[in-house]
Structures are given as C-alpha cells and as structure tokens.
Amino acid sequence: MTRQSRRPRLRVLGTHEILIEPIRQQAESDLGIIVEDQVADSMDAVRRAVTAPDAFDVYHQWHTVDLVWSSRSIQPIDTGRIAGWSEIALLSKDRTRSDRTGHGPQVALFLQKDDTLHSKPSDRASMVPTLHGVDAPGYIRSVRNGIVGKEPDSWSWLLDDRWHGKVALACDPSVGIIEAALALESSGHLEFSDIGNLEEEEIDSIVSILIRKKKIGHFRGFWSYGKEAERLMSRGGVCLQSIWSPSVFRLRQIGVDVVCSAPVEGYRGWYAGLCLSSRVSGAVLEAAYAYLNWWLSGKPGAILSRQGYYAATPKRARSFLDEKEWNFWYAGEATANDLVDPFGRICVRSGDIRDGGSYEARMSHVRVWNSFMDEQNYLVRRWREFLNA
Amino acid sequence: MAQSLSEKRSSRPTNERPPYLEEPQRYYEIVQTKLRSAIRSGLFQAGTVLYEAAVADLFGVSRPPVKRALQMLEEADLIHRLNRRGYMVGPAGTNLQPIRTNLHRLSLNIIEPLGNGALRASWQRIYEKVEEEILSCCPFDTFQISEAILCDHYNVSRTVIRDVLNRIHGGGLIEKDRWSHWIAGPLSARRLDEHFAMRKILEPAALIAASETLTPEFIMQRRDRLDSSSSRDLGEPELDRLDRDLHRDCVLAIKNRRLIDAIEQNHLSFFINRQFAAKICPIPAETIRAEHRLVFECLLLKTPVAAAAALEKHIGAAASRTRSRLKVLSILNDVQVAPYLARSS
C-alpha cells in the first residue's frame with residue numbers, strides 16, 4: 001500500500017462554481033487528505049444528495065439544507081468543533097432590508113429538540129455557512145446604448161420586449177421563478193404576497209406568462225451552470241440574462257464586456273454551506289470536520305473572493321488577500337492594478353470598480369433570498385412545463 | 001418526453017390483464033353461470049319462460065347484463081327466443097308448452113352470491129385501484145388521463161370508467177382542463193394542507209363519537225402494537241399499519257357513513273408519507289409513536305375530549321412533517337405511472 005493511499009479520502013459533492021480545482025488542491029495540501037470532488041449542476045447535486053447519501057461525505061450545498069435534512073441525508077454538526085463559528089457573517093440580522101424575504105442562511109441553521117431546523121441557536125447546526133453573495137441580471141454593455149435617459153437597471157428587463165429574442169434564463173426552478181417574479185413585480189404585471197414563498201396561483205400566473213413569452217420567441221436559451229450561460233453570451237446572441245458572478249469575470253477575460261447590473265428592486269441573495277452526510281463516521285468524519293474548519297480559515301474564502309463571492313468569515317479571508325484585492329472585491333474601490341481570478345488569470349483591469357459597490361452596499365440590498373419554497377414540488381412541475389413548452 | 005398516449009395504447013399487449021381481475025365478477029357472467037346451472041340441474045324445466053325483466057328483478061341487477069347473459073345461453077342452445085320480451089328454456093325447434101312461473105319461488109340459491117360482495121358494480125371493482133394509481137402519480141407532474149386506454153387497461157366500458165373518474169373528481173384529485181381532458185396533478189402544498197385541515201376538523205369529532213364503542217382491549221391491543229417493534233424507522237408497510245390502527249380502526253369506528261366518507265376523502269396525506277418512505281427514506285418512528293400513544297392513553301383513561309385534542313395536535317404536526325416531505329419529492333422525475341397516464345409537459 002502506498003503512503004498516499006493511507007490518507008483519508010473525502011468525497012465532496014457540490015456545484016461547478018464552488019468545487020474548482022484550486023480549492024481542491026489547496027485543501028489536499030493544507031489538510032493532508034485526498035479530496036475527491038463530485039461536481040454537478042445545482043438540481044442534480046441535490047438529487048444525488050437526497051437519493052444517495054452513501055455516495056458523498058460532505059455536501060457543499062446551495063439553499064437546499066431543509067430538503068437534505070428532511071430526507072435524513074445529513075447529520076448535525078457539532079458547532080463546538082468548528083473554530084470560527086462565532087465569526088460567521090450573516091448570522092446576525094443586521095443589514096436587513098425591511099422587505100427582504102425568502103429563507104436567509106440562518107432560517108434553517110440550527111437543530112431544535114424536536115428534530116426540526118430553526119434560526120434559534122443551539123449547539124448543533126445543519127451546515128457550516130461558507131460563502132454568500134448576490135445575483136442580478138447581466139447585460140452586454142452596449143445594451144445601455146439603446147436606453148434613453150437615466151433608467152435604472154431592473155429585473156423587469158428580463159421580460160422586456162426591447163430585448164425580445166436575446167434573453168436567457170436559468171433552468172434551476174428555484175432561481176428562475178424568483179427572477180421571473182422579480183421581473184413581473186417590477187414591470188407591474190403581477191403582485192405577490194411574499195415573493196420569497198410564492199403561492200400556487202402566483203406560480204400559475206408566472207408560468208403562464210413565461211410560456212407565452214417562450215412561444216413568441218422571447219427567450220434565446222436556458223442554462224444550467226455558469227459555462228453554459230457564458231456560451232450563450234459569447235456565441236449565442238444573448239445580450240441580457242440572469243448570470244452568476246464568476247461568469248461575468250470570465251466573459252470579460254475573453255473580451256465580452258458584461259455589466260453585472262445593480263437592479264433598483266434589489267438583488268437575489270444566495271448562500272452556500274457545508275453539510276455532513278448522515279453516513280459518514282470514523283476517520284472520514286474527522287477528516288470532514290477538518291475540512292469544515294479549513295473552510296472557515298479564510299484561505300478558501302479568499303480564493304473564491306477572486307471570482308466575486310463573499311467568504312462567511314470575511315476578516316479571516318482578508319488576511320489571505322492583498323490590500324488591492326480586498327479594496328476591489330469587498331470595499332468597492334477602484335483598483336490600481338490588474339487582479340487575477342482563482343486560476344491566476346487576469347480578470348479585473350486596473351481602474352475597474354466593482355458593479356454594485358462594496359460588500360455592505362451589495363449585501364444590504366438583497367430583496368429576496370434563494371430558497372426552496374413551500375410550493376417547491378408544484379413549482380418544479382410547472383417549471384418543467386415551461387421549459388418543455 | 002414521455003411516451004404519447006397513442007403509442008402506449010398500441011404497445012400494450014391485448015391479452016394482458018391485471019391479476020386481481022382474473023376472477024369473473026361481471027354481472028352478466030354471474031347471471032349466465034347461475035342460469036346455466038339452474039337449467040342443467042333441472043331447476044328450470046324445459047319450457048320455463050325467462051323474461052328479461054323478471055330475471056333482472058330476480059338478481060337485482062339492470063337489464064343489459066341479463067340481456068347479454070340470455071344471448072349467451074341462446075348461443076349455447078340452452079334457451080331459445082319466445083317473443084320480443086323473453087326466452088324459453090330448451091333448444092329451438094322443440095314444441096314445448098310455455099311454463100310461466102314466478103322465478104322468485106324457485107330455489108335457485110341465487111340470493112346468496114348477490115349479498116356476499118361477488119356482485120360489486122363494475123366501477124367499484126376498479127375504483128380503489130385507479131384512485132391509488134392517480135394518487136401515485138399526482139405529486140410528480142401534470143398527467144392527462146386517457147379514458148380509452150383506461151377502458152382497455154381494465155377491460156370495462158366507457159360508462160364504467162366515467163363513473164370511476166367522476167367519483168375520483170368528487171374527491172378533488174382530478175379535474176378537467178379547458179379541452180375537457182381529465183388532468184391529475186401536480187400536487188401543491190396548498191392542496192395537501194387542505195386535506196390536513198379537513199382531517200383536523202373531522203377526525204377529533206369522529207374519535208369522540210367512536211370512543212363510546214371502542215373497548216379497552218381493542219385500544220390496548222393497538223397501543224401495545226406501537227411498541228412491538230423497536231425499530232427506529234418506519235418503512236412503508238409499518239407506517240401503513242400504524243396509521244390504520246389509529247386513523248381507521250379507532251377514528252372510523254362510528255356509524256355515520258357520511259362522516260366516514262368525508263374523512264376517507266382526505267387520505268392523500270397518508271399517501272405522501274408512504275411514497276416518501278418507499279422512494280426516499282424510512283420515516284423516524286419515535287415522534288409518531290409518541291403522538292399515537294398519547295391518543296390511545298387518553299382513550300384508555302376514558303377522557304375522549306383529551307384524546308381528540310391529542311389527535312388534533314398529532315394531525316397538525318403531521319401536516320408540517322408531510323409538507324417537508326412533499327418538498328423532497330420534488331427532486332424525483334421519472335417515476336413509473338399507469339399506462340393510461342401521459343405527462344402533459
């Protein structure tokens with residue numbers, strides 16, 4: 001048996017955007033373990049987490065924690081074993097918009113005595129928050145040329161006839177429905193009692209409009225992960241779409257000048273966190289706890305800050321970023337130098353300022369959090385009707 | 001994209017019949033069998049006149065199955081046409097004197113099978129099965145129901161199928177779309193909540209009424225069964241048995257048929273938990289056992305109002321748990337459904 005094979009092997013399930021190679025290599029190097037990434041798009045990842053908890057040790061999930069808890073795919077995390085737990089950002093309720101809705105990271109964070117998840121703190125957590133951020137429509141800069149006056153960026157543009165045939169949407173139903181709802185609310189077509197937890201009739205109304213829009217050719221395409229969205233914008237004729245932060249910077253690297261909008265209605269907030277498989281135990285469980293702690297150390301947070309994400313422990317991440325990086329990504333200041341992405345490629349040019357501004361400016365402008373709504377089952381079925389229409 | 005209805009129809013082997021339909025239970029078959037044996041045994045002498053109306057009255061069924069049974073006996077040369085309204089026992093061409101008798105006076109041993117359930121109406125034979133198949137599919141998509149394939153599948157007439165579907169419609173499980181197709185699903189959390197809300201109103205009231213007839217032995221037997229397994233998890237069969245012990249055997253031990261029907265129309269909620277246990281993971285037993293036990297203990301203490309309150313609380317907690325489980329079912333896509341169901345999307 002080789003020396004290498006005696007190192008614990010940790011199987012990490014997660015999405016393309018988070019489980020990138022620099023993170024995997026850094027974890028192996030810092031922890032002395034073998035990290036085996038299992039990369040999937042968001043819907044596929046949660047399906048695998050629910051149906052095959054044997055097949056992963058750690059799940060880097062994305063607004064799915066209540067689902068994997070209900071399916072008993074994950075086990076509680078002893079917060080006493082997580083150094084830096086108290087430093088995790090977003091655990092307090094400050095920086096909250098009065099109209100913010102949806103499930104924020106703290107809503108299903110703590111395990112209660114009756115085996116349910118709640119925001120009330122306990123010493124057992126459903127996940128370790130690792131990253132968060134905001135999303136908004138992205139558009140080719142020239143889109144602005146066609147706009148007269150000082151019209152602010154808006155979610156309503158996603159369904160605006162001015163960009164008929166040049167718009168793309170995300171396939172993920174949880175993300176897609178919120179973005180469509182924000183667009184329809186903003187344009188005055190529909191009103192919602194709680195945009196973060198839509199009712200059956202509200203979903204019906206949104207889907208009916210989307211199907212009609214699809215049939216008249218409003219949408220150019222749909223995407224499941226970042227690279228697909230980038231292809232749609234670089235070669236697919238899409239000029240406006242929902243988009244994620246890493247894609248904005250990757251498109252700029254190849255000369256596509258994309259703006260990450262700052263919608264007047266507010267952002268769609270998201271968070272990610274690490275869960276432990278209900279089946280993991282023994283030496284692998286120890287390795288998993290080491291991996292969880294490593295994620296709060298600041299180093300991985302710093303790596304992913306370079307693609308536009310915010311670390312759950314920003315102060316710790318700052319110690320792994322140089323001042324210019326911190327000033328651009330977190331302080332919202334113009335950079336005096338070119339900056340590189342997690343792969344070492346230049347993604348920000350000297351003089352650039354981050355769209356939307358500083359960490360505080362962007363995170364305090366979350367209108368709705370990603371979440372699995374109460375009507376998730378109904379939503380998924382109706383959304384599929386829309387995608388197949 | 002799912003297989004279309006027409007493809008499904010043509011691909012199904014025509015001789016395939018579900019095993020539970022192997023027993024001949026149709027009215028015309030039973031009438032024909034009984035008459036045949038009555039003729040062969042000599043109970044119906046040659047010359048006995050069999051009017052359609054009289055035979056229908058004898059069996060307590062409508063005329064069409066009797067007409068069909070008599071035609072079959074005529075084809076077998078056991079009877080022959082007397083006039084427009086009836087037949088005479090014996091082969092055609094014989095010069096018999098008609099014997100007009102009151103069929104009710106003949107000892108045919110016919111009444112017994114009528115009363116023992118063998119003669120269930122055609123719709124009753126398949127109602128529960130169709131309802132279960134629709135319940136199985138409704139969380140997973142919007143499905144269009146083909147009446148034609150449903151007829152083929154169960155080898156029954158359109159009239160029977162419409163009876164079945166109308167009754168299922170009465171329970172709120174299916175509806176018609178604007179093109180008049182029967183549609184099942186997708187199941188919403190709202191619909192599930194409505195089922196639980198109805199159960200929360202109806203079951204405690206039923207339990208109070210039932211408490212007058214439930215014996216301590218009957219209740220103790222069910223309470224003790226809670227602890228008969230030390231398993232921490234409940235699979236589908238165990239969950240089903242546990243639910244039946246309380247929600248059917250105790251709650252429905254009442255005489256009010258209308259109340260029983262009203263409660264039974266809300267069994268969708270049980271179905272979601274069974275689907276979850278079968279398709280996702282077993283259900284933790286501890287909480288459910290504790291909630292059921294409290295209801296049984298209150299009944300044994302002869303405090304039906306407290307038992308009803310405990311039952312109401314249990315149904316409320318189950319509503320919340322089931323709602324979470326329905327969310328998890330959202331990840332499942334390609335589930336097996338009956339051949340007469342086609343995905344609308």
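Small disclaimer: the values here were computed from a predicted structure and weren't measured.
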Original post:
Do A/F372 and A/H63 have ring centroids that are under 6.0 Å from one another?
Top reply: yes
Original post:
What pair of heavy atoms forms the shortest contact from A/S174 to A/D172, and how long is it?
Top reply: N-OD1, 2.9 Å
**OP:** Quick one: which of A/L387, A/D115, A/V380 has the most heavy-atom pairs under 4.5 Å with chain B, could you say?
**Re:** A/V380
Subject >> Heavy-atom pair of closest approach, residues B/D141 and A/R384 >> reply: OD2-NH2, 2.7 Å
Subject >> side-chain contact (heavy atoms from CB on, under 4.5 Å) involving A/D44 - partner list, sequence neighbours excluded >> reply: A/A40, A/D41, A/R47, A/R48
Original post:
Counting heavy-atom pairs under 4.5 Å to chain B, which of A/R72, A/E200, A/R382 comes out on top?
Top reply: A/R72
**OP:** Would you please go through residues 278-294 of chain B and name the residues with a non-hydrogen atom below 4.5 Å from one of chain A, in numerical order?
**Re:** B/I280, B/C281, B/P282, B/I283, B/P284
Original post:
Contact part of B/F140 toward chain A, heavy-atom cut-off under 4.5 Å: side chain, backbone, both or neither?
Top reply: both
Original post:
With a cut-off of 6.0 Å (strictly less than), are more than 12 heavy atoms of other residues, nucleotides or ligands near NZ of A/K227?
Top reply: no
Subject >> Atom NZ of A/K214 with >12 non-hydrogen neighbours under 6.0 angstrom >> reply: yes
Original post:
Is there side-chain contact between B/L246 and B/L242, with heavy atoms separated by less than 4.5 Å?
Top reply: no
Subject >> side chain to side chain donor-acceptor pair (under 3.5 Å) assessment of A/D204 paired with A/Y378 >> reply: CA-CA 9 Å; A/D204 285 339; A/Y378 189 77; 2.6 Å; yes
Original post:
Non-hydrogen atoms of chain A under 4.5 Å away: do they reach the side chain of B/R323, the backbone, both or neither?
Top reply: side chain
